[in-house]
Amino acid sequence: VQLQASGGGLVQAGGSLRLSCAASGSIFSINAVGWYRQAPGKERQLVAAITSGGRTNYAGSVKGRFTISRDNAKNTVYLRMNSLRLEDTAVYYCNAVPAFPYWGQGTLVTVSS
């Protein structure tokens with residue numbers, strides 16, 4: 001199963017955006033799916049994850065602002081991002097947790113002032 005992120009774009013600080021992660025097969029085959037991000041000059045980090053049972057976990061920097069969810073019928077995982085900050089600017093990827101070797105292109109989120 002491969003996962004591909006989409007939905008990024010340019011948004012003003014304080015705004016919202018929803019990212020989508022489409023799976024090439026059934027997401028039930030993956031124990032947990034996560035959203036990762038990599039800002040310029042920084043390492044990639046896991047910001048949110050959801051298990052096949054629906055349990056979620058968030059990095060402290062996004063807790064209360066981001067919401068991860070899944071639509072099993074559509075084999076898609078979403079990341080709703082509210083109250084976006086300049087420091088949320090990054091390329092966002094979706095992948096399994098732990099990550100598969102294939103990362104895909106990611107989707108760029110740019111937050112402007």
Side-chain angles (χ1 to χ4, degrees):
V1 177
Q2 292 187 345
L3 302 171
Q4 184 61 53
S6 63
L10 176 63
V11 62
Q12 285 191 325
S16 299
L17 209 57
R18 190 182 78 161
L19 306 183
S20 298
C21 173
S24 61
S26 173
I27 58 174
F28 274 120
S29 66
I30 307 172
N31 284 337
V33 176
W35 282 98
Y36 301 75
R37 71 184 181 188
Q38 187 167 19
K42 295 188 177 181
E43 293 188 354
R44 189 176 291 151
Q45 65 169 156
L46 178 65
V47 297
I50 186 166
T51 69
S52 56
R55 290 185 64 181
T56 59
N57 197 23
Y58 299 92
S61 59
V62 306
K63 192 173 293 185
R65 301 187 297 120
F66 290 12
T67 302
I68 189 170
S69 61
R70 61 195 292 158
D71 184 332
N72 294 325
K74 294 183 178 179
N75 288 315
T76 302
V77 175
Y78 302 99
L79 185 68
R80 176 69 179 182
M81 306 185 294
N82 295 329
S83 302
L84 282 162
R85 304 169 180 170
L86 297 180
E87 55 264 36
D88 294 320
T89 294
V91 178
Y92 285 72
Y93 304 85
C94 59
N95 204 328
V97 181
F100 293 151
Y102 176 76
W103 278 96
Q105 295 183 38
T107 188
L108 176 62
V109 173
T110 304
V111 184
S112 65
S113 58

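Nothing here was measured: the structure is a model prediction, and the numbers come from that model.
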A.B. asks: Quick one: do Val1 and Val33 end up in the same hydrophobic cluster if we chain Ile, Leu, Val, Met, Phe, Trp and Tyr together by side-chain heavy atoms under 4.5 Å apart?
C.D. replies: yes
A.B. asks: Grouping I, L, V, M, F, W and Y whenever their side-chain heavy atoms are under 4.5 Å apart, do Leu17 and Leu79 come out in a common cluster?
C.D. replies: yes
A.B. asks: Taking Thr107 for the side chain and Tyr92 for the main chain, is one N or O donor matched with an acceptor at less than 3.5 Å?
C.D. replies: no
A.B. asks: Do Val109 and Leu19 come close enough that some side-chain heavy atom pair is under 4.5 Å?
C.D. replies: yes
A.B. asks: Between Tyr78 and Arg18, is there a cation-pi geometry (under 6.0 Å to ring centre, at most 45° from the normal)?
C.D. replies: yes
A.B. asks: Are Trp35 and Val62 connected in a single hydrophobic cluster, I mean Ile/Leu/Val/Met/Phe/Trp/Tyr linked by side-chain heavy atoms less than 4.5 Å apart?
C.D. replies: yes
A.B. asks: State whether the side chain of Asn57 and the backbone N or O of Ala49 hold a donor-acceptor pair below 3.5 Å, judged by distance alone.
C.D. replies: no
A.B. asks: Kindly give the heavy-atom pair with the smallest separation between Tyr93 and Gly106, and that separation in Å.
C.D. replies: CD2-CA, 3.5 Å
A.B. asks: To the nearest 0.5 Å, tell me how far Leu10 CG sits from Ser112 OG.
C.D. replies: 4.5 Å
A.B. asks: Side-chain heavy atoms nearer than 4.5 Å, only ILVMFWY residues, links allowed to pass through others: does that put Ile27 and Val97 together?
C.D. replies: no
A.B. asks: Once rounded to the nearest 0.5 Å, what's the spacing between atom CG of Asn95 and atom CD of Gln4?
C.D. replies: 10.5 Å
A.B. asks: Would you compute the distance between atom SG of Cys94 and atom CD1 of Ile50 and round it to the nearest 0.5 angstrom?
C.D. replies: 13.0 Å
A.B. asks: Going only through I, L, V, M, F, W and Y residues with side-chain contacts under 4.5 Å, is there a path from Leu3 to Trp103?
C.D. replies: no
A.B. asks: Of the non-hydrogen atoms in Ala96 and Ile30, which two are nearest, and what is the gap between them?
C.D. replies: CB-CG2, 3.7 Å
A.B. asks: Any side-chain heavy atom of Leu84 within less than 4.5 Å of one from Phe66?
C.D. replies: yes
A.B. asks: Quick one: do the Asn82 and Arg80 side chains pair a donor with an acceptor below 3.5 Å?
C.D. replies: yes
A.B. asks: Write down the atom of Ser83, the atom of Ser16, and the distance for their closest heavy-atom approach.
C.D. replies: N-OG, 4.4 Å
A.B. asks: Closest approach of Ser26 and Ser29, non-hydrogen atoms and distance?
C.D. replies: O-OG, 2.7 Å
A.B. asks: With sequence neighbours left out, which residue pairs that include part of residues 87-101 fulfil the salt bridge (Lys or Arg N to Asp or Glu O under 4.0 Å) condition?
C.D. replies: Arg37-Asp88, Arg65-Asp88
A.B. asks: State the SG-CZ distance between Cys21 and Arg70, to the nearest 0.5 angstrom.
C.D. replies: 10.0 Å
A.B. asks: Look at atom CG of Asn31 and say whether more than 12 heavy atoms of other residues, nucleotides or ligands are closer to it than 6.0 Å.
C.D. replies: no
A.B. asks: Quick one: closest heavy-atom pair of Ala90 and Leu108, and the distance?
C.D. replies: O-CD1, 3.6 Å
